[in-house]
Protein chains: 2
Amino acid sequence: MIPTKDKILNTAEELFADHGFAETSLRMITAKANVNLASVNYHFGSKKTLIQAVFERFMQRFTLDLGIEMDKIEKQKNFKVDDVLGGLVGPITNLDQLRPDGSAVFMNLLGRAYAETQGHIRRFAMEHYADVLKRFTQLLHATSPKLLPDEMFWRLHFMLGSFIFTLAGHQALQEISESDFDQKVSIEQIVKRLVPFMAAAFSYDSTLSAVTNP
Amino acid sequence: MIPTKDKILNTAEELFADHGFAETSLRMITAKANVNLASVNYHFGSKKTLIQAVFERFMQRFTLDLGIEMDKIEKQKNFKVDDVLGGLVGPITNLDQLRPDGSAVFMNLLGRAYAETQGHIRRFAMEHYADVLKRFTQLLHATSPKLLPDEMFWRLHFMLGSFIFTLAGHQALQEISESDFDQKVSIEQIVKRLVPFMAAAFSYDSTLSAVTNP
DNA sequence: GCATAATTCAAACAGATGTTTTAAACATAC
DNA sequence: GTATGTTTAAAACATCTGTTTGAATTATGC
């Protein structure tokens, strides 16, 4: 028998990813999970903290795996941008073994969290991501030490946008890809396409403006 | 005296951008706009159509300007990726003359619309953007005719993600930039930094994998 | 100036929301 | 087996939501 607390988390996770936070009511969750309405407030205190709890499960696993991946990269002597960005593939796809379709669900949640109103999820997530993101930034910077800090900052967020946006909306993109090109793509394949694309952007030299065409 | 309909549109626009659609109630709008609650349903029918009306004002101007920009580029004989992407700068910044902080507001709305639940705004927007986006795609493809259609598709959406995500969250980024680097940046400056970055990504050749480092 | 239409207004509507309450059921320990 | 603490249950709570109503007001055309 699955504990009530877990039943709530599992169902909330699914519904949040599908419909968003504001659009998912506690009654929708408790009805689908077959638990009492009051149990959410009993176990989690409020809806807000339930949302954070849903995030926490994913983040723990993700940041753990990402940290390990960073360690590996750090030990390499001549790692490149592609290596650092490629380090994201594992931690993302590993979420699928945390739960069926885990990576997809997490990316949906992430996208929604970023568009969130008061940004309380964003703030909450940033606290947990802070150290990992810092290591990630440092490794990236090590591959392109010539880049000025402010340029680093912007490029990092440009990339972040592409990642979150693409993966949060991957369902729609997958459907289009299948109907237009007969290509059924997984999240892993999307990320693997995205990595060299962003790596090329990241390692371009802004001192030579782009006049290097034949 | 500003017509009630416009008062509603102006205030709704501001609140939607600041707080999101679901989190902005008609009572918040009508109170701030100093109009009667019922006037929203009288003038717009429903909240849903009000949201669309808010979008429409921006989209008309944006697509118009973007079309003009495309015409110019099309007439050049040897336009490059940077030229096509650079064509976005004008139409975006022009929104500031449509209304104070217009580009910022519009980008906020766009970001929120993309995270929207049922995607009714997304669908609505896509209908209006369809032809412009198609021209945009064609011009981009013309700069890199070797790219296979599916690779084109993905790169286009990777870029779209970077643009929308960055510009939708520009306020936070601007604040960080100012506190960390003492650099006060405008949306125009962000876009102008983003364009060569994405251009470099877009024009990278995936047949030669990235081994072209010194 | 009058009739007609368009707009504004206050009030109420019906329903959904998160949260709290109080009692019942359950589990655990002694 | 009784006492204690934990969990579930049904119901009510207060509040907020978008929308509708019907009368009052204002503007428009003649």
Side-chain angles (χ1 to χ4, degrees), chain A residues 1-57 109 112-113 115-124, chain B residues 1-57 109 112-113 115-124:
Chain A
M1 187 52 178
I2 304 165
T4 303
K5 197 168 176 176
D6 290 337
K7 284 205 270 183
I8 295 173
L9 277 175
N10 293 335
T11 321
E13 182 179 294
E14 187 187 334
L15 291 176
F16 284 153
D18 283 355
H19 307 114
F21 303 111
E23 296 83 359
T24 302
S25 70
L26 296 185
R27 283 170 178 80
M28 285 169 67
I29 297 171
T30 54
K32 182 156 192 179
N34 267 314
V35 300
N36 190 270
L37 169 62
S39 59
V40 173
N41 291 283
Y42 175 76
H43 285 288
F44 297 95
S46 68
K47 185 183 181 180
K48 196 180 263 188
T49 52
L50 168 63
I51 296 176
Q52 292 177 351
V54 167
F55 259 97
E56 214 159 21
R57 292 202 300 183
L109 293 175
R112 294 194 188 282
E116 240 268 320
T117 296
Q118 302 122 321
H120 84 273
I121 309 169
R122 198 163 161 171
R123 219 172 307 123
F124 174 82
Chain B
M1 186 54 177
I2 304 166
T4 302
K5 197 168 177 177
D6 290 336
K7 285 205 269 184
I8 295 173
L9 277 175
N10 293 336
T11 319
E13 182 179 293
E14 186 187 335
L15 292 176
F16 284 153
D18 284 354
H19 306 112
F21 303 110
E23 295 83 0
T24 303
S25 70
L26 296 185
R27 281 171 178 80
M28 285 169 68
I29 298 171
T30 52
K32 182 156 193 180
N34 268 314
V35 300
N36 191 270
L37 169 63
S39 59
V40 172
N41 291 283
Y42 175 76
H43 285 288
F44 297 96
S46 70
K47 185 183 182 180
K48 195 180 263 186
T49 51
L50 169 63
I51 296 175
Q52 292 177 350
V54 167
F55 258 97
E56 212 159 22
R57 291 204 298 184
L109 293 175
R112 295 193 186 283
E116 241 267 321
T117 296
Q118 303 125 322
H120 84 274
I121 309 169
R122 199 164 161 171
R123 217 172 307 123
F124 175 80

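We name chains A, B, ... by the order of the sequence lines, and we start the count at 1 in each one.
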Visitor: CD1/B/Ile8 to CD1/B/Ile29 distance, rounded to the nearest 0.5 angstrom?
Guide: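 So the gap between those two atoms works out to 8.5 Å.
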
Visitor: Give the rounded distance in Å between these two atoms: CZ of B/Phe44 and P of D/dT20.
Guide: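 My rounded result for the distance is 16 Å.
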
Visitor: When the distance from CG of A/Asp6 to C1' of D/dT8 is rounded to whole Å, what number comes out?
Guide: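 That distance rounds to 16 Å.
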
Visitor: I want to check one thing: is the phosphate of C/dT8, taken as OP1 and OP2, less than 4.0 Å away from some side-chain N or O of B/Thr4?
Guide: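 Looking at the OP1 and OP2 atoms of C/dT8, one of them is under 4.0 Å from a side-chain N or O of B/Thr4.
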
Visitor: A side-chain contact here means heavy atoms from C-beta on lying under 4.5 Å apart; do B/Asn41 and B/Leu50 qualify?
Guide: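 Heavy-atom side-chain distance check fails, nothing below 4.5 Å.
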
Visitor: For the pair A/Arg112 (side chain) and A/Phe16 (backbone), establish whether a donor and an acceptor sit closer than 3.5 Å, ignoring hydrogens and angles.
Guide: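 Answer holds: yes.
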
Visitor: Output the rounded distance in Å from CG (A/Asn34) to P (D/dA9).
Guide: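 Checked: the CG to P distance equals 9 Å.
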
Visitor: Take A/Arg57 and A/Asn10, measure what side chain to side chain contact (heavy atoms under 4.5 Å, CB included) needs, and give me the verdict at the end.
Guide: CA-CA 10 Å; A/Arg57 292 202 300 183; A/Asn10 293 335; 3.0 Å; yes

Visitor: Quick check against the 3.5 Å criterion: does A/Thr24 have a side-chain atom that pairs as donor or acceptor with the backbone of A/Leu15?
Guide: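 Yes; judged by distance alone, with no hydrogens or angles, the pair exists.
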
Visitor: Expressed as a whole number of angstroms, how long is the span from A/Asn36:CG to D/dT8:P?
Guide: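 After rounding, the reported distance stands at 9 Å.
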
Visitor: What string of B, S and - do you get for nucleotides 16-27 of chain C, 5' to 3', if B is base contact, S is sugar-phosphate-only contact and - is no contact with any protein heavy atom under 4.0 Å?
Guide: -BBBBB------

Visitor: Is the phosphate of C/dA6 approached by B/His43 (side-chain N or O, under 4.0 Å from OP1 or OP2)?
Guide: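 B/His43 to C/dA6 OP1/OP2: no side-chain N or O under 4.0 Å.
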
Visitor: Looking at B/Thr49 and B/Phe44, would you say the former's side chain and the latter's main chain have a donor-acceptor pair under 3.5 Å?
Guide: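 Yes, B/Thr49 side chain to B/Phe44 backbone: donor-acceptor pair under 3.5 Å.
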
Visitor: Report the distance from atom CG of B/Leu50 to atom P of D/dT17, rounded to the nearest whole Å.
Guide: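 The distance from CG of B/Leu50 to P of D/dT17 comes to 15 Å, rounded to the nearest Å.
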
Visitor: D/dT19 P sits how many Å from B/Ile29 CD1, rounded?
Guide: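 My rounded result for the distance is 11 Å.
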
